[in-house]
Amino acid sequence: MTSIRVTETPLVTYVLRRADDALVLGHRLSEWCGKAPVMEEEMALANMGLDLIGQARALYTYAGEAEAQGHDEDAFAYRRDERAYRNLLLVEQPNGDFALTMVRQLLYAAYADPYWRAMMGSSDPTLAAIAAKAEKEMAYHLRHSAEWVVRLGDGTEESRRRTGRALAQLWPFTGELFHTDEIEREMIMSGVAVDPATLRDTWCRTLIEVLDRATLKIPEDGWMQSGGRGGRHSEHLGHLLAELQYLQRTIPGATW
Amino acid sequence: MTSIRVTETPLVTYVLRRADDALVLGHRLSEWCGKAPVMEEEMALANMGLDLIGQARALYTYAGEAEAQGHDEDAFAYRRDERAYRNLLLVEQPNGDFALTMVRQLLYAAYADPYWRAMMGSSDPTLAAIAAKAEKEMAYHLRHSAEWVVRLGDGTEESRRRTGRALAQLWPFTGELFHTDEIEREMIMSGVAVDPATLRDTWCRTLIEVLDRATLKIPEDGWMQSGGRGGRHSEHLGHLLAELQYLQRTIPGATW
Amino acid sequence: ADKLRAFQERIDAEERIEPNDWMPEAYRRTLVRQISQHAHSEIIGMQPEGNWITRAPSLRRKAALLAKVQDECGHGLYLYAAAETLGVAREEMVDQLLAGKAKYSSIFNYPTLTWADIGAIGWLVDGAAIMNQIPLCRCSYGPYARAMIRVCKEESFHQRQGYEIMLTLCRGNAAQKEMAQDALNRWWWPCLMMFGPPDSASQHTDASTKWKIKRFTNDELRQKFIDATVPQAHYLGLTVPDPELRYDEASGHWQHGAIDWEEFKQVIAGNGPCNAQRMERRRQTEEDGAWVREAARAFAEKEKRRHRVAA
Amino acid sequence: ADKLRAFQERIDAEERIEPNDWMPEAYRRTLVRQISQHAHSEIIGMQPEGNWITRAPSLRRKAALLAKVQDECGHGLYLYAAAETLGVAREEMVDQLLAGKAKYSSIFNYPTLTWADIGAIGWLVDGAAIMNQIPLCRCSYGPYARAMIRVCKEESFHQRQGYEIMLTLCRGNAAQKEMAQDALNRWWWPCLMMFGPPDSASQHTDASTKWKIKRFTNDELRQKFIDATVPQAHYLGLTVPDPELRYDEASGHWQHGAIDWEEFKQVIAGNGPCNAQRMERRRQTEEDGAWVREAARAFAEKEKRRHRVAA
């Protein structure tokens with residue numbers, strides 16, 4: 001067995017969930033490397049990927065401290081199976097075309113930016129410090145993805161069609177952003193975490209404003225998918241992890 | 001380390017090379033599953049994939065016997081790194097579109113069919129027995145891929161363009177089919193193996209005949225790529241193996 | 001009306017109806033709907049299992065899985081052929097699927113997350129399918145009945161194979177056993193839903209029963225499945241994820257807890273975890289393959305002309 | 001002729017030529033060719049390293065590699081900008097690359113097969129690049145010289161990072177050390193070829209030297225590289241794959257065996273292991289991104305009109 005077993009406490013689980021969000025989305029963005037539609041966008045996509053991988057590293061490290069079982073950032077990233085990953089379904093969706101990637105980034109950043117801003121007031125000083133850095137980064141992701149979504153939505157027929165389709169495709173994965181469960185409630189009660197329900201209005205307003213400029217409409221709220229927080233993923237995550245983890249699984253226990 | 005170390009003798013290496021050809025091409029064909037352009041072709045692609053995986057299994061098992069280090073078929077398939085794989089570069093090339101897959105199959109089968117026919121006379125009875133089965137299978141692959149190449153070459157403008165492009169793209173990988181080295185020569189001398197040089201005329205005649213019906217021309221012999229037999233692959237093989245081997249690498253030593 | 005009576009008499013006498021025989025329009029429609037749904041299920045069903053072909057953990061399993069998925073495609077093809085005997089073309093049926101107008105089994109809208117899911121699908125999904133399909137081997141419509149005989153034979157082979165995968169995992173290491181239990185946890189309830197809504201809510205049963213298309217009610221088949229499967233789970237050393245499950249000595253049946261029909265409704269309505277993905281993939285495949293089909297048509301045309309000229 | 005003499009005098013006085021200064025057409029052409037080739041190399045060079053971003057063996061390495069590839073793109077961008085000061089648009093240069101009319105460094109036509117290749121590229125390829133580029137920081141053309149100062153700073157950071165990857169592997173387990181040696185075996189000779197043909201066969205040296213674009217010959221730079229690198233390989237405990245390599249006490253230089261210039265010729269001619277793949281990928285990327293660039297243009301047009309109306 002090359003997999004670790006995580007000793008889950010509410011704090012460990014809470015932190016791992018955010019770390020997984022950041023890593024998986026960062027990994028997806030890194031898949032664009034060398035394939036961006038304009039060279040300037042290579043830089044931007046890499047920037048955003050680096051921000052997210054950085055957030056993941058800080059959060060994994062903190063999860064390791066909170067767990068106190070000697071697991072470092074790489075143990076969490078490289079040695080947990082798909083079912084132990086706790087990221088949102090939204091962030092694991094494949095890149096699709098550039099419109100899909102940018103809409104995905106917008107949907108996530110419009111949430112993550114106010115989320116981390118609020119988390120700056122966390123009663124947990126480590127999380128508050130991570131939040132201060134992450135908030136600045138996510139504000140940039142929000143700005144950047146919003147600009148592209150506006151440009152694509154209000155660009156050509158083709159770009160508008162693609163952007164609308166991306167929005168429709170990803171919308172069912174946005175419900176999960178605002179879910180809470182027993183674990184999260186415990187963290188909220190103790191002031192460690194913020195209640196995502198309090199972020200929903202901001203998220204909606206941001207999207208309405210951006211999509212309005214993009215000449216697009218927010219989809220009607222239909223059925224929402226969920227499962228990521230409990231490790232019930234889409235079929236896409238397994239393939240991502242097979243690639244991500246291959247080397248550590250092949251030569252386990254080495255220093256790289 | 002989850003990788004094995006192969007004790008290479010000329011026979012072991014010779015057999016592993018053919019086994020790797022069959023496995024990698026079979027794996028590529030299996031990637032088409034659920035994506036074929038017509039349902040009848042799902043059946044045909046799976047058939048060919050199964051034939052090749054079957055050949056690989058027989059050959060790996062024989063390599064294990066010849067090596068006598070207790071390695072079974074799965075040890076060779078799942079626990080060798082990219083640099084230890086010995087397949088032709090041709091068979092690891094990504095599927096591309098249906099034209100590329102069929103041209104790749106034609107180029108390989110036009111060689112493998114006469115190869116296995118000749119190998120039925122091998123002085124090694126196990127290889128002769130494997131050859132008898134493989135020859136029948138490869139005759140079908142040749143027929144089937146030839147039919148498609150003719151149909152696509154002499155179909156529409158679009159299909160002709162794609163088929164021609166596939167041929168140009170894959171042609172540089174055909175030189176390797178006819179290479180021999182020290183190891184192979186030893187096997188040829190002892191009557192275990194056939195000299196691939198003796199198959200070249202048949203191969204050429206088959207291709208000229210098929211491509212003629214397809215209204216296409218055999219490309220001029222330019223520079224030929226090689227390296228697969230020595231484990232110097234293209235960048236594509238590593239990604240294929242990351243997927244192929246993931247589970248055995250993750251939970252090593254288990255029975256499946 | 002005479003025709004209708006004669007038709008029903010043949011049905012009652014357990015005679016097979018054949019393509020050229022007279023049949024009521026509703027009988028034909030019911031059969032087309034059911035057979036094409038069944039064919040679509042086989043084709044869409046290739047996706048969740050196909051997802052693991054490239055990652056199967058041994059060459060033997062890889063070959064068996066590829067062969068299994070190939071069989072499913074074969075089932076789809078001869079079911080389409082059976083439906084075509086009722087005067088509807090395969091293309092038409094596929095178009096209906098792509099347009100979202102035809103259904104397929106809701107079970108294929110769940111994802112395969114681990115290798116154990118391949119075992120669970122063979123054991124449970126194929127097991128449930130067989131329960132549904134064995135009575136169809138005696139279906140009143142000849143071509144469908146004959147197709148089902150062949151399908152059932154292959155399915156029970158698949159089912160044994162799936163069970164054997166589970167058995168191997170359950171006798172394996174802790175990680176493997178955990179994987180097997182996890183798969184059972186996720187597939188159990190969706191499999192019970194495969195038999196359709198409870199009899200109290202089912203719409204099609206009455207006519208289908210009269211015409212001997214259907215011979216058992218949903219609840220009867222579901223009970224058969226549970227009775228057959230629970231002991232197998234116990235033999236594997238797995239826990240069925242139903243805390244209310246208990247054996248009723250009096251009836252000799254295993255009684256199950258309440259099924260979450262809301263989930264079933266949502267999956268049927270297109271909201272299962274993979275509905276969108278499955279349809280998108282099928283649509284993409286059709287789109288990507290269009291140029292190939294066009295080339296094949298163009299070539300066939302040319303060949304025809306050439307033969308005409310030669311003749 | 002006066003202008004030409006004045007120009008050469010400025011060059012000889014180590015003055016920088018700036019975009020608006022007069023310059024001979026051949027000087028301009030030489031610079032455009034060299035700078036754009038250099039820019040293309042940075043952009044194409046993203047591919048072999050990019051191939052390992054998704055498989056990097058630790059998060060630290062993953063982030064560092066992604067950042068490195070991003071830097072390369074940045075280098076490409078400011079080199080294109082430097083070339084643009086000579087009156088040629090980036091699009092034009094990229095078109096020339098895609099049409100196969102412009103070259104890029106032949107080293108990027110070799111594949112990255114293992115993680116150690118990422119170390120080897122940083123250590124050897126970037127090391128060789130720096131040897132080539134440090135003299136360019138004093139190149140007579142101002143914008144190019146300034147771009148190179150920035151590039152060199154980042155490259156030497158990358159070079160240290162690559163060496164550190166190799167060091168970690170060489171201090172690791174047997175599999176890792178083997179990986180490192182294998183990478184050195186495959187990259188050594190191609191890296192020596194990066195300095196171009198031997199002086200006896202080089203075409204561009206003369207004019208470029210007179211114009212102080214080039215300050216050392218290919219062989220001089222190659223020797224510098226070997227002298228710097230061989231002791232590093234020894235420190236790593238690796239064997240340089242050149243049986244004829246030996247230290248010449250008299251000259252204080254490492255003397256190397258014969259370079260296979262036929263291989264170099266073939267790679268330059270488009271026959272390297274990855275030439276076709278690299279170009280195809282670049283072409284595909286351009287094609288896939290066309291709709292995005294079109295949308296951005298259309299949006300910018302609309303915005304302009306809107307501002308005009310508002311004004």
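All chains are named by letter (A, B, ...) in the order of the sequence lines, taking the proteins before the strands, and each is independently numbered beginning at 1. As a basis for the values below, the full set of heavy atoms in this structure was taken, side chains included, without hydrogen atoms, waters or symmetry mates.
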Engineer: Under 4.5 Å heavy-atom distance to chain C, tell me which part of B/Phe98 shows up: side chain, backbone, both or neither.
Structural biologist: both
Engineer: Sequence neighbours left out, what pairs pass ring-ring contact (aromatic ring centres under 6.0 Å, His included) with at least one residue falling in residues 275-310 of chain C?
Structural biologist: none
Engineer: Which residues from residues 57-82 of chain C are near chain B, with near meaning under 4.5 Å between non-hydrogen atoms?
Structural biologist: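 The list, in residue order, reads C/Pro57, C/Ser58, C/Leu59, C/Arg60, C/Arg61, C/Lys62, C/Ala63, C/Leu66, C/Ala67, C/Val69, C/Gln70, C/Cys73, C/Gly74, C/Leu77, C/Tyr80.
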Engineer: At a heavy-atom separation under 4.5 Å, does B/Leu50 approach chain C through its side chain, its backbone, both, or neither?
Structural biologist: both
Engineer: The criterion is side chain to side chain contact (heavy atoms under 4.5 Å, CB included); which residues satisfy it with B/Thr215, sequence neighbours excluded?
Structural biologist: B/Asp154, B/Arg160
Engineer: Given that the side chain runs from C-beta out, which part of C/Arg90 has a heavy atom under 4.5 Å from chain B: side chain, backbone, both or neither?
Structural biologist: side chain
Engineer: At a heavy-atom separation under 4.5 Å, does B/Glu73 approach chain C through its side chain, its backbone, both, or neither?
Structural biologist: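 For B/Glu73, heavy atoms of backbone and side chain both lie under 4.5 Å from chain C.
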Engineer: Any idea which of C/Gln176, C/Arg297, C/Glu303, C/Glu49 has the most non-hydrogen atom pairs under 4.5 angstrom with chain B?
Structural biologist: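 Heavy-atom pairs under 4.5 Å are most numerous for C/Gln176.
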Engineer: Around atom CZ of B/Arg5, are there more than 12 heavy atoms of other residues, nucleotides or ligands at under 6.0 Å?
Structural biologist: no
Engineer: Select one option (side chain, backbone, both, neither) describing which atoms of B/Leu240 are under 4.5 Å from chain C's heavy atoms.
Structural biologist: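 It is neither, since no heavy atom gets under 4.5 Å.
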Engineer: Measure the shortest side-chain to side-chain distance between B/Lys35 and C/Gln284 over non-hydrogen atoms and say whether it is less than 4.5 angstrom.
Structural biologist: no
Engineer: At a 4.5 Å cut-off on heavy atoms, which part of B/Ala56 comes close to chain C: side chain, backbone, both, or neither?
Structural biologist: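 No part of B/Ala56 comes within 4.5 Å of chain C.
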Engineer: Check this for me, if you would: do B/Arg162 and C/Glu294 make a salt bridge, where the nitrogen-to-carboxylate-oxygen distance has to be below 4.0 angstrom?
Structural biologist: no
Engineer: How far does OG1 of B/Thr250 sit from CH2 of C/Trp115, to the nearest 0.5 angstrom?
Structural biologist: 14.0 Å
Engineer: With a 4.5 angstrom heavy-atom cut-off, could you sort out which part of C/Ile43 is near chain B: side chain, backbone, both or neither?
Structural biologist: side chain
Engineer: Tell me whether C/Lys302 at atom NZ has more than 12 heavy atoms from other residues, nucleotides or ligands lying less than 6.0 Å away.
Structural biologist: yes
Engineer: Hey, which of C/Thr54, C/Leu169, C/Val292 has the most heavy atom pairs under 4.5 Å with chain B?
Structural biologist: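 Sorted descending by pairs with chain B, the first entry is C/Thr54.
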Engineer: Measure distances from C/Met179 to the heavy atoms of chain B and classify the residue's part below 4.5 Å as side chain, backbone, both or neither.
Structural biologist: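 Interface part for C/Met179: side chain.
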Engineer: Donor-acceptor pair, distance only, cut-off 3.5 Å: does the side chain of C/Arg293 make one with the backbone of B/Pro37?
Structural biologist: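 Pair found, side chain donor or acceptor close to backbone of B/Pro37.
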Engineer: If I compare all heavy atoms of B/Cys33 with all of C/Gly50, which pair ends up nearest, and what's the gap?
Structural biologist: SG-CA, 4.4 Å
Engineer: Considering residues at least two apart in sequence or located in another chain, which fulfil the side chain to side chain contact (heavy atoms under 4.5 Å, CB included) criterion with C/Asn275?
Structural biologist: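 Here the qualifying residues are C/Tyr104, C/Asn109, C/Val267.
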Engineer: Any idea which of B/Glu157, B/Glu40, B/Glu41 has the most non-hydrogen atom pairs under 4.5 angstrom with chain C?
Structural biologist: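 Most heavy-atom pairs within the cutoff with chain C belong to B/Glu40.
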Engineer: Would you mind telling me which of C/Gly172, C/Gly119, C/Gly289 has the largest number of heavy-atom pairs within less than 4.5 Å of chain B?
Structural biologist: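 If we count pairs closer than 4.5 Å to chain B, C/Gly289 comes out on top.
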Engineer: Under 4.5 Å from any heavy atom of chain C, what part of B/Asp72 do you find: side chain, backbone, both or neither?
Structural biologist: neither
Engineer: So how far is it from B/Met39 CE to C/Thr285 OG1, rounded to the nearest 0.5 Å?
Structural biologist: 9.5 Å
